2 protein chains.
Amino acid sequence: MDITIDNKTAQTLASVVRFHRKKSGLSQSQLAKLAGIGKTTVFDIEKQKPTVRLNNLLAVLSVLNIRINLESPLMSFFEKEEFK
Amino acid sequence: MDITIDNKTAQTLASVVRFHRKKSGLSQSQLAKLAGIGKTTVFDIEKQKPTVRLNNLLAVLSVLNIRINLESPLMSFFEKEEFK
DNA sequence: TATATATTACCGTTATAGCAGTAATATCGT
DNA sequence: ACGATATTACTGCTATAACGGTAATATATA
């Protein structure tokens, strides 16, 4: 089961990241080290800063074993075209 | 059906955004206007710039009607805890 | 084929994200 | 309850993302 994110994206991302970090028994500093970013950046993500850099968020999600799915009505057409 | 993104996240995001923009019959400038960001930012996203700001990417995905799902083994526990 | 128009790509200035250091707060151990 | 330790929150400097203008390229039209 997964969580869909729309208008509350930054807010939900923050909660999801914080929850998974806690469950992993990591501090913000530890997670930052594992993700190769600064601890302020982890702090920013968990505090719903919407302007964080994409690569930093992805690094954090990767460490926490969280995957991203993109969903849209056109996605099946995209698949056909991209994987010809 | 949806596309999972892992190591090729920025690359796939770029392709997904470009594909959906073309399908919508929009230019980079038009998409930028609709998303309320600069056209260089749309250009950067489509050219796989990994450090774009999260809010700008989300604005673009929103205009193109692309939703984000987060997936992880712990997600069902997250749901139970967050929506008590 | 040439010209006009539309679109993508690049440039340089400005606002700000990321960072480590440090302050504030929370938690742990005695 | 107090002191030690761990963690979170804040600060300010520096590198850079975002931006609109403009150059380069692609497409449409005559």
Side-chain angles (χ1 to χ4, degrees), chain A residues 5 7-66 68 70 72 74 77-78 81-82 84, chain B residues 5 7-66 68 70 72 74 77-78 81-82 84:
Chain A
I5 297 186
N7 295 335
K8 294 182 171 181
T9 305
Q11 182 181 1
T12 311
L13 270 169
S15 304
V16 164
V17 165
R18 187 177 176 83
F19 175 84
H20 283 74
R21 175 176 67 80
K22 291 287 197 178
K23 282 294 184 186
S24 305
L26 296 170
S27 66
Q28 288 179 342
S29 295
Q30 288 171 321
L31 176 52
K33 244 180 174 46
L34 290 170
I37 65 180
K39 59 186 188 293
T40 302
T41 306
V42 172
F43 174 78
D44 286 340
I45 289 169
E46 291 192 2
K47 280 299 185 243
Q48 302 167 26
K49 190 177 186 187
T51 55
V52 297
R53 286 184 191 166
L54 176 64
N55 62 329
N56 289 341
L57 174 66
L58 296 178
V60 164
L61 295 180
S62 178
V63 168
L64 297 174
N65 198 28
I66 300 169
I68 294 179
L70 297 180
S72 85
L74 291 173
F77 297 99
F78 170 77
E81 174 143 330
E82 289 300 302
K84 272 172 181 169
Chain B
I5 298 183
N7 295 336
K8 295 184 171 180
T9 306
Q11 181 182 2
T12 311
L13 269 170
S15 303
V16 164
V17 164
R18 187 178 175 82
F19 176 83
H20 283 75
R21 176 176 66 80
K22 292 288 201 180
K23 282 294 182 185
S24 305
L26 295 170
S27 67
Q28 289 180 341
S29 294
Q30 288 171 320
L31 175 52
K33 244 179 176 44
L34 290 169
I37 66 178
K39 58 185 188 294
T40 301
T41 305
V42 173
F43 174 79
D44 286 339
I45 289 169
E46 291 191 3
K47 281 296 185 247
Q48 304 168 23
K49 190 177 182 186
T51 56
V52 296
R53 286 184 193 168
L54 176 64
N55 62 327
N56 289 339
L57 173 66
L58 296 178
V60 164
L61 294 179
S62 179
V63 168
L64 296 173
N65 199 28
I66 300 169
I68 293 178
L70 296 180
S72 86
L74 291 172
F77 297 99
F78 170 76
E81 175 145 326
E82 288 303 302
K84 270 172 184 168

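Note that the structure is a prediction, hence the values are computed from the model and not measured. Residue numbers begin at 1 in each chain, while the letters A, B, ... track the order of the sequences.
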For this session: Provide, to the nearest angstrom, the distance between the CD atom belonging to A:Q30 and the P atom belonging to D:dT7.
Result: 6 Å
Exercise. Below 4.0 angstrom from OP1 or OP2 of C:dA17, is there any side-chain N or O of A:T41?
Worked result: no
Exercise. Can you tell if the side chain of A:I68 reaches within under 4.5 Å of the side chain of B:L70, non-hydrogen atoms only?
Worked result: yes
For this session: Quickly work out the A:N56 CG to C:dT16 P distance and round it to whole Å.
Result: 18 Å
Exercise. Looking at side-chain heavy atoms only, is the closest gap between A:I45 and A:L13 below 4.5 Å?
Worked result: no
Exercise. For A:N55 and D:dA15, what is the distance between atoms CG and C1' respectively, to the nearest whole Å?
Worked result: 13 Å
Exercise. When the distance from CD1 of B:I45 to C1' of D:dA17 is rounded to whole Å, what number comes out?
Worked result: 11 Å
Problem set entry | Main-chain N/O of A:L58 paired with A:S62 side-chain donor or acceptor, under 3.5 Å | no
For this session: Side chain of A:K49 only, please: which of C:dA9, D:dC10, C:dA17 is the nearest?
Result: C:dA17
For this session: Measure from the side-chain heavy atoms of B:S27 and tell me the nearest of C:dC19, D:dA9, C:dT8.
Result: C:dT8
Problem set entry | Intermediate values then yes/no, side chain to side chain contact (heavy atoms under 4.5 Å, CB included), B:R18 and B:R21 | CA-CA 5 Å; B:R18 187 178 175 82; B:R21 176 176 66 80; 3.3 Å; yes
For this session: Identify which nucleotide among C:dA17, D:dG20, D:dA18 has an atom closest to any side-chain atom of B:K39, counting heavy atoms from C-beta outward.
Result: D:dG20
Exercise. Rounding to a whole Å, what distance do you find between B:I37:CD1 and D:dC19:P?
Worked result: 6 Å
Exercise. Between B:L54 (CG) and D:dA17 (C1'), how many Å, whole number?
Worked result: 14 Å
For this session: Would you please classify the geometry between the B:F19 ring and the A:F78 ring as parallel, tilted or perpendicular, with 30° and 60° separating the classes?
Result: perpendicular
For this session: Measure from the side chain of B:K47, starting at C-beta and using heavy atoms only, and say which of D:dA9, C:dG18, C:dA9 lies closest.
Result: C:dA9
Problem set entry | B:V60 and B:N56, any side-chain heavy atoms less than 4.5 Å apart | no
For this session: Just do the side chain to side chain contact (heavy atoms under 4.5 Å, CB included) check on A:L31 and A:L64 with the steps written out, would you?
Result: CA-CA 9 Å; A:L31 176 52; A:L64 297 174; 4.1 Å; yes
Exercise. How long is the line joining CZ of A:F43 and P of C:dA24, in whole Å?
Worked result: 15 Å
Exercise. A:Q28 side chain: which of C:dG18, D:dA9, D:dC19 is closest?
Worked result: D:dA9
Exercise. Of all the choices, D:dA18, D:dC19, C:dC19, which nucleotide is nearest to the side chain of B:T40 once you look at every atom?
Worked result: D:dC19
Problem set entry | Dot-bracket notation for DNA chain D, counting Watson-Crick and G-U pairs under 3.5 Å, with | for partners on another strand | ||||||||||||||||||||||||||||||
Exercise. Would one find a side-chain N or O of A:R21 under 4.0 angstrom from OP1 or OP2 of D:dT8?
Worked result: yes
For this session: Take atom CG of A:D44 and atom C1' of D:dA17, then tell me their distance rounded to the nearest Å.
Result: 15 Å
